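In each ligand, atom 1 is the first atom listed, and ligand 1 is the first ligand listed. For clarity, every value in this text was computed on a predicted model and none was experimentally measured.
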Amino acid sequence: DFLPTPSPRLHESDGMIRVRGANENNLKHADLDIPRDSLVVFTGVSGSGKSSLAFGTLYAEAQRRYLESVAPYARRLIQQAGTPQVESIEGLPPAVGLQQQRSVPQERSTVGSLTAVSNVLRMLYSRAGDYPEHQSMLYAEDFSPNTPQGACPECQGLGRIYDATEESMVPDPSLSIRQRAIAAWPGAWHGQNLRDILISLGYDVDKPWKDLPQKDREWILFTEEKPSAPVYPDLNHEEIQEAIRVGRRPDYMGNYTGARRQLLNMYASADTPGRRQRLEPYLTVGPCPACEGKRLKREALSVTFAGLDIAELFRLPVAELQQKLESSVHAHTTESADRNAEQQRASEKSLVAERLVADVSSRLERLIAIGVGHLSLDRPAPTLSSGELQRLRLATQLISKLFGVAYVLDEPSAGLHPADGEALLESLAALRDAGNSVLVVEHNLDVIKHAEWLVDIGPEAGERGGRVLYSGPPEGLNKVEESITRRYLFAEAPAALREPRQPEGWLNVRQLSFNNLNELDVDLPLGCLTAVTGVSGSGKSSLVSTAIPALLASRLGDLPADPEEENEDREVRRLSGHVSGDLDTLRRLVRIDQKPIGRTPRSNLATYTGLFDQVRKLFADTPLSRERGYKAGRFSFNVAAGRCPNCEGQGFVQIELMFLSSLYVPCPECGGARYNAETLDVTWNGMTVADVLGLTVEKAARVFAEQSAISRALSVLLDLGLGYLKLGQPATELSGGESQRIKLASELQRTQRGRTVYLLDEPTNGLHPVDADRLLRHLDALAAAGHAVIMVEHNMRIAAQADWIIDLGPGAAAQGGRIVTAGTPKEVANDENSRTAPYLSPHLV
Ligand code: ADP
Ligand code: ADP
Ligand code: ZN
Ligand code: ZN
């Protein structure tokens with residue numbers, strides 16, 4: 001009894017986080033002890049239960065406790081949202097979760113605003129910028145295009161101006177006005193009215209447009225006058241002229257508006273994206289001449305720092321910006337030290353500059369260290385990859401200098417070239433050294449090897465997983481026979497290599513310019529599996545996800561347009577280049593990317609793959625459905641008749657919480673079932689349609705074993721390692737990697753006709769090595785069947801198994817965008833100039 005009383009905190013946990021009886025999702029009463037203030041990595045095949053433990057249990061419980069402590073009124077809501085299935089957790093610090101982005105970030109946010117660098121730089125320009133003589137000082141808000149004070153008045157801060165030309169408004173000049181030569185005119189009555197007014201004004205609406213006098217064409221399109229004229233809708237040309245001459249009473253008086261003015265007014269007042277989109281083909285778009293696309297008013301642009309206006313500064317890649325700022329401050333300080341007699345104001349100004357630059361610099365350093373130095377501050381957040389976005393958030397956390405927190409991260413290495421991996425590990429270590437627990441779900445073997453503590457879940461996915469196979473220092477996993485991770489972590493021999501395939505032909509891309517690709521020439525082999533490698537920001541996605549599809553699409557004819565990709569189309573207009581070579585055998589182009597399979601919870605795996613159509617037919621074919629006259633549509637949660645009226649088939653309702661982000665809770669009416677009670681009366685093999693949507697792919701494969709169309713679709717999903725997903729899992733809850741594999745599965749179950757080019761961006765993201773190998777087998781089979789498979793790939797174990805590698809670089813942004821080397825994996829591994837080579841060669845011995 002002479003021992004000191006242990007502090008309650010120590011007593012509670014002795015430096016460990018202790019989880020008992022975790023049952024979330026597929027977890028099987030898992031017990032787990034992990035050290036605090038350490039780098040802990042969770043491993044296991046996809047669907048084994050890593051996220052259920054790290055996010056669903058540890059993070060969710062920390063959130064729940066936090067919410068309860070700050071907002072007692074939230075208790076009821078939390079109960080509705082569900083508390084994690086776990087008996088107890090001791091020693092759990094408050095947690096910050098950095099999950100891969102599953103929904104699209106705010107349209108207007110940029111790299112600069114996400115990291116709060118924008119505000120500091122605006123302050124810098126306001127307080128320490130170089131102003132032209134006689135211009136008064138501006139406020140920080142004057143440097144933001146998103147404020148009325150700062151926006152360019154000509155373009156309202158958009159940076160671009162819409163206009164219309166004769167070519168854009170009259171696409172086919174061989175038509176007459178009556179035949180709708182002025183395609184930009186509104187339809188129906190409105191267009192007829194304009195035509196009838198032109199007749200009254202004496203214009204010929206039956207002559208081909210190109211045969212009208214230049215003067216008339218000009219006036220019809222571009223006049224700013226608004227003449228009014230009598231309208232006689234039922235008379236012909238001669239009769240109208242006669243009626244006007246004799247002063248016959250018209251049906252009504254109409255006002256003419258020039259076609260350009262009319263179009264611009266309609267565009268300005270269009271209130272839906274759909275309406276704007278319908279008008280855009282008739283408009284031309286160009287940079288605003290007043291601000292040159294810089295979006296700011298003239299006064300703001302006249303202020304400079306380091307010789308650049310603020311828009312120019314925001315366009316620099318972060319790494320360049322950092323150098324620029326550092327050297328400018330050096331210049332500033334030495335300058336004022338030399339001239340001691342400078343006025344008070346000047347030295348004050350450089351002091352402010354120094355402080356603000358130091359602040360910005362420390363933030364930029366973090367960004368560079370974590371491998372996003374190639375991004376510019378003005379880069380819109382929606383154009384970032386999910387890996388880039390997560391790393392930006394990580395950097396922001398490092399800047400905030402919190403301690404005593406548990407950070408829970410989801411595959412932070414996604415999208416990182418192995419050369420950038422070191423920096424990531426250093427950042428994770430920095431978080432830990434600051435006194436935080438860092439819990440990471442990872443598949444990357446390099447990160448796993450650097451863990452201080454490893455938690456391996458499995459052995460397999462779903463029902464066959466959910467057990468903690470190992471928890472301890474990484475070496476110890478070597479003794480755990482049933483661990484699949486062990487085979488890869490301690491593998492002595494690299495994967496068996498086959499000889500690279502001989503190309504069956506080539507596509508020759510020439511003079512390609514887009515983003516940082518500058519007049520690039522690149523050859524793509526057909527009948528091969530090609531990996532495109534290079535450091536982050538070197539131009540891989542620009543090439544594979546945008547440029548190649550755009551160039552090929554122009555040769556293969558129109559692809560099914562995706563109305564959601566409005567933004568992208570605009571980008572593609574900046575692209576130039578052409579493609580030649582063995583194009584005649586090509587039939588299709590398929591992009592299998594990590595974008596969501598739908599933007600709303602209304603799309604899901606079952607609807608996307610088309611298997612839900614089959615399921616609904618089964619339900620419509622039951623005796624009760626026939627008796628009640630229910631057709632297949634009744635079983636769609638997007639159709640009013642069958643769905644729950646309260647949540648309109650969503651299964652949940654949204655609750656706005658003051659000060660906190662809104663919460664989704666199961667719909668109290670249907671309990672999350674999505675359907676109304678009558679629809680749920682109908683069962684097939686004892687299951688309601690809601691039950692079917694709740695099945696995992698794996699269970700569904702057993703249930704529908706006899707239904708060949710359904711089971712074919714399911715078996716491909718199983719084969720790609722997606723057996724753990726639920727049929728009704730909303731598109732918005734799927735990770736990028738899962739969405740990508742669902743797209744691939746839908747593609748694989750199609751019957752193939754002709755040669756296809758498949759484009760994939762980092763297909764192995766989110767995949768355990770064993771799942772990555774499985775995916776690779778499918779891709780390889782496509783290449784073997786003569787198709788071209790082109791994938792961006794960071795995983796060198798996978799790249800080593802490709803037939804051909806295109807290595808982009810050497811650096812990021814302006815330092816990249818060139819072909820460093822291209823060839824078989826062996827050839828690339830032997831190239832001294834390639835930053836990829838040293839990481840590739842260990843996989844080729
Ligand atoms: P991992 O992170 O290892 O890929 P998860 O923890 O996401 O695995 O999934 C483990 C199991 O739990 C899978 O069988 C999966 O289908 C199931 N699961 C995941 N999320 C949910 C959920 N929201 N509801 C029910 N089951 C889920
Ligand atoms: P990688 O895929 O190799 O990481 P990216 O193709 O994403 O490289 O980027 C190459 C360069 O193009 C970078 O400098 C990047 O900032 C720029 N870039 C990429 N996408 C966009 C975009 N939507 N808008 C502006 N710049 C972009
Ligand atoms: Zn402007
Ligand atoms: Zn409901």
Side-chain angles (χ1 to χ4, degrees), residues 22-28 30 42-60 81-82 84-85 99-100 145 150-161 286-298 300-301 311 408 410-411 441-443 455-467 484-485 605 637 642-653 664-677 679-680 690 694-700 721-730 733-735 737-738 766-768 771:
N23 282 320
E24 189 68 19
N25 296 334
N26 70 333
L27 297 179
K28 301 208 170 77
F42 292 80
T43 58
V45 303
S46 306
S48 60
K50 302 177 298 295
S51 311
S52 299
L53 190 54
F55 285 96
T57 307
L58 287 162
Y59 175 61
Q85 297 291 311
Q99 220 160 345
Q100 291 281 348
C152 162
E154 293 298 315
C155 62
Q156 274 85 43
L158 281 177
R160 43 175 201 273
I161 289 239
C288 165
C291 63
E292 296 170 322
K294 292 176 176 174
R295 308 171 56 207
L296 288 167
K297 64 180 177 186
R298 197 167 303 134
L301 291 173
V408 192
D410 185 9
E411 217 191 355
V441 173
E442 253 304 347
H443 297 289
V455 179
D456 194 44
I457 321 272
E460 291 174 49
E463 280 310 302
R464 290 198 289 272
R467 285 190 291 123
I484 297 177
T485 308
L605 185 155
F637 46 80
R643 71 187 179 192
C644 163
N646 185 50
C647 60
E648 298 186 327
Q650 301 218 53
F652 55 79
V653 290
Y664 290 96
V665 299
C667 167
E669 192 80 18
C670 62
R674 297 167 162 236
Y675 293 93
N676 60 30
T679 310
L680 296 178
L695 292 175
T696 61
V697 168
E698 194 174 355
K699 281 195 195 125
L722 294 174
Y724 63 96
L725 287 181
K726 284 190 184 153
L727 299 193
Q729 204 135 329
E733 281 178 19
L734 297 166
S735 70
E738 286 166 342
L767 296 191
H768 187 277
D771 298 309

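Defined by atom type and a distance below 3.5 Å, a donor-acceptor pair is present between the side-chain atoms of Tyr724 and Glu738. Judged purely by distance below 3.5 Å, without hydrogens or angles, the side chains of His443 and Thr43 never pair a donor atom with an acceptor atom.
Looking at atom 14 (O) of ligand 1, its nearest protein heavy atom turns out to be Gly462 CA, 3.1 Å. Protein heavy atom nearest atom 13 (C) of ligand 1, with residue, atom name and distance: Tyr724 CB, 3.5 Å. Among protein heavy atoms, atom 20 (N) of ligand 1 sits closest to Asn25 ND2, 3.2 Å.
Both tests hold for Arg674 against Phe637: distance to the six-membered ring centre under 6.0 Å, angle to the ring axis within 45°.
Near Ser48, meaning under 4.0 Å from any of its heavy atoms, are these atoms of ligand 1: 1 (P), 3 (O), 8 (O). Heavy-atom contacts of Ser46 reach the following atoms of ligand 1: 4 (O) (cutoff under 4.0 Å). Here is the list of ligand 1 atoms found below 4.0 Å of a heavy atom in Val45: 3 (O). Atoms of ligand 1 found under 4.0 Å from any heavy atom of Ser51, numbered from 1 in the order shown, are 1 (P), 2 (O), 6 (O), 7 (O).
Here the straight-line distance linking atom CD1 of Ile457 with atom CG of Leu53 works out to 4.5 Å at 0.5 Å rounding. To the nearest 0.5 Å, atoms CD (Gln729) and CG (Leu605) are separated by 8.0 Å. If you take CG on Asn646 and CG on Asn676, they are separated by 12.0 Å, rounding to the nearest 0.5 Å. Rounding to the nearest 0.5 Å gives a distance of 4.5 Å between CD of Glu698 and CZ of Arg464. Here the straight-line distance linking atom SG of Cys288 with atom CZ of Arg160 works out to 11.0 Å at 0.5 Å rounding. How far OG of Ser48 is from CG of Asp456: 7.5 Å, rounded to the nearest 0.5 Å.
Summarising the contacts of atom 6 (O) of ligand 1 with Gly458, Ser52, Gly694, Gly47, the nearest heavy atom is found in Ser52.
Put simply, no part of Ala461 is less than 4.0 Å from ligand 1, judged by heavy atoms.
Put simply, the angle at the Zn ion (ligand 4) from SG in Cys667 to SG in Cys670 is close to 110°, to the nearest 10°. The angle subtended at the Zn ion (ligand 3) by SG of Cys291 and SG of Cys152 is 110°, given to the nearest 10°.
The proximity of Lys726 to ligand 1, defined as any non-hydrogen pair under 4.0 Å, is limited to the side chain. Of all the heavy atoms of Val441, none lies under 4.0 Å from any atom of ligand 1, so neither backbone nor side chain is involved.
An N or O contact shorter than 3.5 Å links Lys50 to ligand 1 by distance.
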